[in-house]
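Keep in mind it's a predicted model, so treat the numbers as computed, not measured. Here is how names work: the chains are called A, B, and so on, in the same order as the sequence lines, proteins then strands, and each is numbered from 1.
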2 protein chains.
Amino acid sequence: MNANLTRYLRNYIDISDDEVELFQAALKTKTIQKKDYLLKEGKTCTARYFITKGYFRHFYIDTKGNEQIVHFGIENWWITDYASLVNTTPSKMYIQAMEDAEYLELSQDALEALYIKLPKIERFFRIIMEKTYIASQQRIEYMFSLSGKQLYETFILANPEFANRVPQYMLASYLGLTPEFISKIKSK
Amino acid sequence: MNANLTRYLRNYIDISDDEVELFQAALKTKTIQKKDYLLKEGKTCTARYFITKGYFRHFYIDTKGNEQIVHFGIENWWITDYASLVNTTPSKMYIQAMEDAEYLELSQDALEALYIKLPKIERFFRIIMEKTYIASQQRIEYMFSLSGKQLYETFILANPEFANRVPQYMLASYLGLTPEFISKIKSK
DNA sequence: GATAAATCTTAATCATGATTAAGTGATCCT
DNA sequence: AGGATCACTTAATCATGATTAAGATTTATC
């Protein structure tokens, strides 16, 4: 029984110990080595992953062959490719461990059974999706309104600990900038 | 009883006629005149709106004083400001009717009562949020990968009818471009 | 129908940040 | 330890698309 996940659940829904156990019974604890993949292009994503240790990057390969990072996944966050998971279509995405990592796997099949057994889980993921969507919209607003320099500085300010954990060139990719440009920002 | 909304509900969940009626009873049918606002900056958003006629723009005023459009809302779509609605905080956004319009208003209070009376509505909005989030992610990918010209052409191709309905300068704002640049694209 | 307001166009100049290229340190691997 | 890959830096050049400014055209209003 994962204490962080329990706390996380209870942030959003009222849930008894028994119900938490039912939820956690649907999860498989797994480990993965640095640089290995949770998902690769062409595979259909069939699960959501709750990260308990390490961090992941979620990226695709664009038309010029560059790896474009769309998200980082860190401890106590869910990571998955919703486009592939929800529509059961082959993914265009990669999800890769950036450190040796641990996570809880919630397969879509197990989740659908849970929705029936425990309808409040439906509520939980409804709320999670609302939060996730709001964050996505916030990011779009930043992309519209901020200069490259401001994007970088806003990220560093909001995620100071994480910024040191990630190679600069991956941060650049996530922000839609080049490593050279980040270098230029920092030198001033 | 709105036939479009019923069809829309049944795209996502199994729901009886009686239950549809219960859902529709929570909705208020309203009209609004062109250029009037569903939401203004500083007000807290307290409802979701299902558009049945006309279209809306959802925008904020950026630091330079420009209106930045984040979304258009068209017939048979929901529109609301999730950031304000979910966190019950004053909105930074405006939602404005671009034509004389009709919509169904679902207040957050009514929705929360519905979640309890009719838990499958929780499921419905969980699914809607997943779809909405996937669209938001797709948009971020476009913003990363496409040139201004490609952004414009992709939008026109995906929304040919709508592109004629919207002034060019608003489309420019939505795409993060200037009207002058759109003009340049079209002249070639 | 006349006037005003809103929208679109053209063209010159400018700025942000990409691209290219080279070089410098780190870190990993045997 | 030595070589190789990986990560970061610097600097010159380039391109996309913004800004500015003016004019043209369309639409709304009385």
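- Put simply, CD on A:E67 is 10 Å from P on D:dA7, counting in whole angstrom units.
- The distance between the ring centers of B:F155 and B:Y174 falls below 6.0 angstrom.
- Between A:F56 and A:Y49, the ring centre distance reaches or exceeds 6.0 Å.
- Straight-line distance from the CG atom of A:L175 to the P atom of C:dA18: 11 Å, rounded to whole Å.
- Atom CG of B:D62 is separated from atom C1' of D:dA18 by 13 Å (rounded to the nearest Å).
- Rounded to whole Å, the distance from NZ on B:K184 to P on C:dC14 is 15 Å.
- Take the nearest nucleotide of DNA chain D for A:S187 and for B:K34: the residue whose nucleotide is more 5' is A:S187.
- Using a 4.5 Å heavy-atom threshold, the side chains of A:S145 and B:T63 count as separate.
- At C:dT9, one or more side-chain N or O atoms of B:K186 fall inside 4.0 Å of OP1 or OP2 (strictly under the cut-off).
- Judged by distance alone, the side chains of A:T6 and A:Q24 do bring a donor and an acceptor atom under 3.5 Å apart.
- The stretch residues 176-183 of chain A comes close to DNA chain C through A:G176, A:L177, A:T178, A:E180, A:F181, each having a heavy atom under 4.0 Å from the strand.
- For B:D100 (side chain) and B:K34 (main-chain N/O), a donor-acceptor pair under 3.5 Å exists by modelled atom type.
- At least one cation-pi condition fails for B:R165 and B:F72: the charged atom is not both under 6.0 angstrom from the six-membered ring centre and inside a 45 degree cone around its axis.
- Residues from residues 137-172 of chain A lying near DNA chain C, meaning a heavy-atom separation below 4.0 Å, are A:S147, A:G148 in numerical order.
- Contact check on B:E130 versus A:R48 returns a salt bridge, with a Lys/Arg side-chain nitrogen under 4.0 Å from an Asp/Glu carboxylate oxygen.
- Nearest heavy atoms, B:A110 versus B:S107: N-OG, 3.0 Å.
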